[in-house]
Visitor: 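One structure is given below, represented as structure tokens, and several questions about it will come after.
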Amino acid sequence: QVQLVESGGGLVQPGGSLRLSCVASGNIFSINAMGWYCQAPGKQRELVATITSGGSTVYADSVKGRFTISRDNAKNTVYLQMNSLKPEDTAVYYCKAGIRQPGRTAFYDYWGQGTQVTVSS
């Protein structure tokens, strides 16, 4: 069994900051890419940022310069530092990780349960 658990969401004022965390646990051999996705009401789930095991990053245009993705490989954890938050950032944020389990040859994607981020005055 593998699970991903997000934390750090909440209510914040426009211009404020939040730091999201996602911890992968269970029967894990290795983790490839990890990423954050968001889903607003009535919208499809969209990429926010990804980071490879080597530290290469990709960001959605809407968050460049405001959000920073990072990871701690020793802790199987990925973070999303969210600064200069805007009301349009309001969404449920989901963590994804490509995980290889012991005795298997392929990586499979696993998703967290999501954490709510609300930006409002």
Side-chain angles (χ1 to χ4, degrees):
Q1 287 284 325
V2 173
Q3 64 177 6
L4 274 60
V5 178
E6 302 103 329
S7 62
L11 175 65
V12 66
Q13 299 285 316
S17 297
L18 288 172
R19 192 187 194 202
L20 308 184
S21 299
C22 172
V23 181
S25 62
N27 194 23
I28 297 171
F29 178 77
S30 63
I31 302 177
N32 198 351
M34 305 182 82
W36 290 94
Y37 294 73
C38 67
Q39 188 165 23
K43 301 291 186 179
Q44 292 189 322
R45 192 170 298 185
E46 297 181 343
L47 172 72
V48 176
T50 62
I51 183 167
T52 68
S53 60
S56 297
T57 58
V58 174
Y59 295 93
D61 288 342
S62 60
V63 307
K64 287 180 180 177
R66 299 189 298 123
F67 293 5
T68 302
I69 189 169
S70 61
R71 65 192 287 169
D72 185 336
N73 291 333
K75 296 181 178 180
N76 290 338
T77 300
V78 62
Y79 305 95
L80 186 68
Q81 179 65 48
M82 309 167 73
N83 298 327
S84 302
L85 282 160
K86 305 174 181 180
E88 50 263 47
D89 296 320
T90 296
V92 178
Y93 284 74
Y94 296 90
C95 174
K96 186 180 79 171
I99 295 174
R100 181 182 176 183
Q101 294 186 285
R104 295 176 172 84
T105 59
F107 290 87
Y108 293 90
D109 287 339
Y110 293 83
W111 290 87
Q113 82 288 352
T115 184
Q116 177 71 47
V117 171
T118 302
V119 184
S120 177
S121 299

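Residues take their numbers from the sequence shown, with the count starting at 1.
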Visitor: Please identify each residue that fulfils side-chain hydrogen bond (donor to acceptor under 3.5 Å, both in side chains) with Y37, with sequence neighbours left out.
Guide: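 Checked Y37 against side-chain hydrogen bond (donor to acceptor under 3.5 Å, both in side chains); matches are K96.
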
Visitor: Counting heavy atoms not belonging to E88, are there more than 12 under 6.0 Å from its CD?
Guide: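 It does: E88 CD has more than 12 such atoms within range.
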
Visitor: Checking side-chain contact (heavy atoms from CB on, under 4.5 Å) between L80 and each of T68, L20, L18, which is the one that passes?
Guide: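 Going through T68, L20, L18 one by one, the side-chain contact (heavy atoms from CB on, under 4.5 Å) with L80 is satisfied by L20 alone.
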
Visitor: Strictly by side-chain hydrogen bond (donor to acceptor under 3.5 Å, both in side chains), give each pair with a member in residues 19-28 just once, sequence neighbours left out.
Guide: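 Sorted pair list comes back empty.
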
Visitor: Measure the NZ-OG1 distance between K64 and T57 for me, rounded to the nearest 0.5 Å.
Guide: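 Reported value, rounded in 0.5 Å steps: 9.5 Å.
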
Visitor: Considering non-hydrogen atoms only, spot the tightest contact between S84 and R66 and give its length.
Guide: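 Nearest heavy atoms, S84 then R66: O-NH1, 3.0 Å.
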
Visitor: Hey, is K86 close enough to D89 for a salt bridge, meaning N to O under 4.0 Å?
Guide: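 Salt bridge flag = no for D89 with K86.
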
Visitor: Begin with the C-alpha distance, continue with both residues' side-chain angles, and end with the deciding distance and a verdict on side chain to side chain contact (heavy atoms under 4.5 Å, CB included) for V2 and I28.
Guide: CA-CA 7 Å; V2 173; I28 297 171; 4.1 Å; yes

Visitor: Between S17 and V12, is there a side-chain heavy-atom distance shorter than 4.5 Å?
Guide: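 No - every pair of side-chain heavy atoms lies 4.5 Å or more apart.
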
Visitor: Can you give me the closest heavy-atom contact between Q116 and V92, atom names plus distance?
Guide: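 Nearest pair, atom of Q116 first, then V92: OE1-CG2, 3.3 Å.
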
Visitor: Give a yes or no answer on whether the side chain of Q39 reaches the backbone of A91 with a donor-acceptor pair at less than 3.5 Å.
Guide: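 The answer is no, because no donor-acceptor pair under 3.5 Å joins these two groups.
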
Visitor: Give me each pair satisfying disulfide bond (SG atoms under 2.5 Å apart) with a member in residues 16-63, each pair once, sequence neighbours excluded.
Guide: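 Those involving residues 16-63 are C22-C95.
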
Visitor: Out of curiosity, W36 CH2 to E6 CD, how far, rounded to the nearest 0.5 Å?
Guide: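 These two atoms lie 5.5 Å from each other.
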
Visitor: Using a 3.5 Å distance criterion without hydrogens, assess whether the side chain of S53 forms a donor-acceptor pair with backbone atoms of N32.
Guide: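 Checked: no pair found.
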
